[in-house]
There are 2 protein chains.
Amino acid sequence: MSPAAAEPAEGSLLLDDQLCFALYAASRAVTARYRPLLEELGLTYPQYLVMLVLWEQDSISVRDLGTALQLESSTLSPLLKRLEANGLLRRERRRDDERSVAIRLTDTGARMREQAAAVPLAIGDAMGLTPDQDALAKQLLRLITANVAAG
Amino acid sequence: MSPAAAEPAEGSLLLDDQLCFALYAASRAVTARYRPLLEELGLTYPQYLVMLVLWEQDSISVRDLGTALQLESSTLSPLLKRLEANGLLRRERRRDDERSVAIRLTDTGARMREQAAAVPLAIGDAMGLTPDQDALAKQLLRLITANVAAG
DNA sequence: CACGCTTTAGTTGTGCACGACTTAATCGCA
DNA sequence: TGCGATTAAGTCGTGCACAACTAAAGCGTG
């Protein structure tokens with residue numbers, strides 16, 4: 001991690017100067033790395049993220065799931081239907097508020113948690129960062145997310 | 001940028017411990033920030049990345065474009081058709097190798113570069129990182145990309 | 001030269017991601 | 001109490017992203 005050889009001019013249009021491209025490329029590369037592991041579980045990457053939330057907090061509304069993952073209902077609704085079709089969760093209208101839909105894991109969905117425990121370990125290994133680098137990367141990424149969302 | 005309050009256990013399944021999620025969320029947040037700016041140019045974010053490459057190196061093959069952006073021809077071919085339909089570029093078979101297609105900017109596409117110069121500045125501003133943080137983030141992201149691609 | 005292998009671009013099918021919109025339920029307040 | 005505004009989930013259309021595959025061109029070696 002030595003400093004960059006030559007610091008780019010402000011407002012460069014060179015692809016390799018763009019932080020946004022480094023971000024976009026890294027995100028796709030990591031997702032690609034997950035793909036074969038998740039395929040064994042029959043999950044896509046966004047489906048895996050939904051399962052992570054549900055393993056943390058079962059019986060959550062579509063709205064709160066969207067808040068946690070920063071996804072619209074127009075993305076989540078079909079995704080949740082696919083997970084329901086695969087037997088991992090059930091969707092039921094809340095009786096106290098019929099607008100809201102509660103997402104609950106099935107036994108199959110809950111049991112998948114054990115199998116999934118190996119996944120973050122394998123990916124963490126593949127990313128090959130030291131614990132300090134990992135923490136630093138998370139902090140920088142959250143800072144970026146917070147800043148661009150704010151303006 | 002103080003250290004994290006509590007370092008997560010290895011292999012945690014908590015969403016907010018996952019570097020992969022921070023990456024995925026940041027990437028989408030940044031793309032969302034670009035959207036209104038690029039809409040004025042009539043571009044999507046991946047189309048903007050293609051234009052960045054072309055402003056750097058005109059008359060490039062689909063293959064080399066794919067290498068630069070780490071995208072498959074199955075993603076690029078339809079995207080390039082849309083850019084061609086919008087009058088920003090032309091596609092022509094190479095005479096010396098009829099398998100290959102050369103992508104060339106039209107005058108309109110080349111002229112868009114001036115308008116686009118403001119975009120990275122605005123985004124850099126919105127990300128709100130110091131030059132050091134920006135450089136560090138790029139280094140970490142490239143390290144992650146290289147590591148996960150390698151294994 | 002011939003024929004099989006590789007390379008290049010493109011097509012097809014599936015699943016996100018998001019804007020614009022719809023429907024139904026609930027809320028708030030005049 | 002009634003009715004307009006708000007909220008929740010979902011549909012639809014467009015555009016990535018990628019795997020699996022196809023078609024056509026070029027290459028290499030017997």
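All values reported here derive from a predicted model rather than from experimental measurement. Throughout, a chain's letter reflects where its sequence line sits, starting with A, and its residues are numbered from 1.
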- Given the rule in the side-chain contact (heavy atoms from CB on, under 4.5 Å) test, do A:Leu76 and A:Val50 qualify, once you have shown the distances and angles that lead to the verdict? CA-CA 9 Å; A:Leu76 286 174; A:Val50 166; 4.1 Å; yes
- Task: For B:Ile144 and B:Asn147, run side-chain contact (heavy atoms from CB on, under 4.5 Å): C-alpha distance rounded to whole Å, both residues' side-chain angles, the deciding distance at 0.1 Å, then the answer.
- Result: CA-CA 5 Å; B:Ile144 293 171; B:Asn147 285 347; 5.9 Å; no
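Look at B:Tyr24 and you'll find a side-chain N or O under 4.0 angstrom from OP1 or OP2 of C:dA17. Phosphate proximity of D:dA19 to A:Arg35: present, with a side-chain N or O under 4.0 Å from OP1 or OP2. The phosphate of C:dA24 (OP1 or OP2) has no side-chain N or O of A:Arg99 nearer than 4.0 angstrom. Listed pair B:Lys81 / D:dG15 fails the phosphate criterion, with no side-chain N or O lying under 4.0 Å from OP1 or OP2. Between B:Arg93 and C:dT8, a side-chain N or O to OP1/OP2 separation shorter than 4.0 Å is absent. For D:dC16, the OP1/OP2 oxygens have a side-chain nitrogen or oxygen of B:Gln47 closer than 4.0 Å.
Judged by closest nucleotide on DNA chain D, A:Asp64 is the one of A:Arg28 and A:Asp64 placed further toward the 5' end. Map B:Arg63 and B:Ala32 each onto its nearest nucleotide of DNA chain C; the residue landing nearer the 5' end is B:Arg63.
Residue-level contact check: A:Thr44 touches the backbone only, with heavy atoms under 4.0 Å from sugar-phosphate atoms and none from bases. Counting non-hydrogen atoms under 4.0 angstrom, A:Thr75 reaches a base of the nucleic acid. B:Arg91 comes within 4.0 angstrom of the backbone, heavy atoms only, and of no base. Residue A:Leu71 is classed as a sugar-phosphate contact, given heavy-atom separations below 4.0 Å to backbone atoms only.
Of the candidate nucleotides D:dA9, C:dT11, C:dG10, D:dA9 has the atom nearest to the side chain of A:Ser77. Considering only the side chain of A:Ser100, D:dA9 comes nearest among D:dC16, D:dA9, D:dC18.
At least one donor-acceptor pair under 3.5 Å links the side chain of A:Thr106 to the backbone N or O of A:Leu88. Within the 3.5 Å criterion, the main-chain N or O of B:Ser27 finds a donor-acceptor partner in the side chain of B:Thr31.
Under 3.5 Å, the side chain of A:Ser74 and the base of D:dG10 form no donor-acceptor pair of N or O atoms.
Between A:Tyr45 and B:Tyr24, the ring planes are perpendicular. Angles over 60° get that label, and only those under 30° would be called parallel.
Here the P atom of nucleotide D:dG15 and the CG atom of B:Leu80 are 14 Å apart, to the nearest Å.
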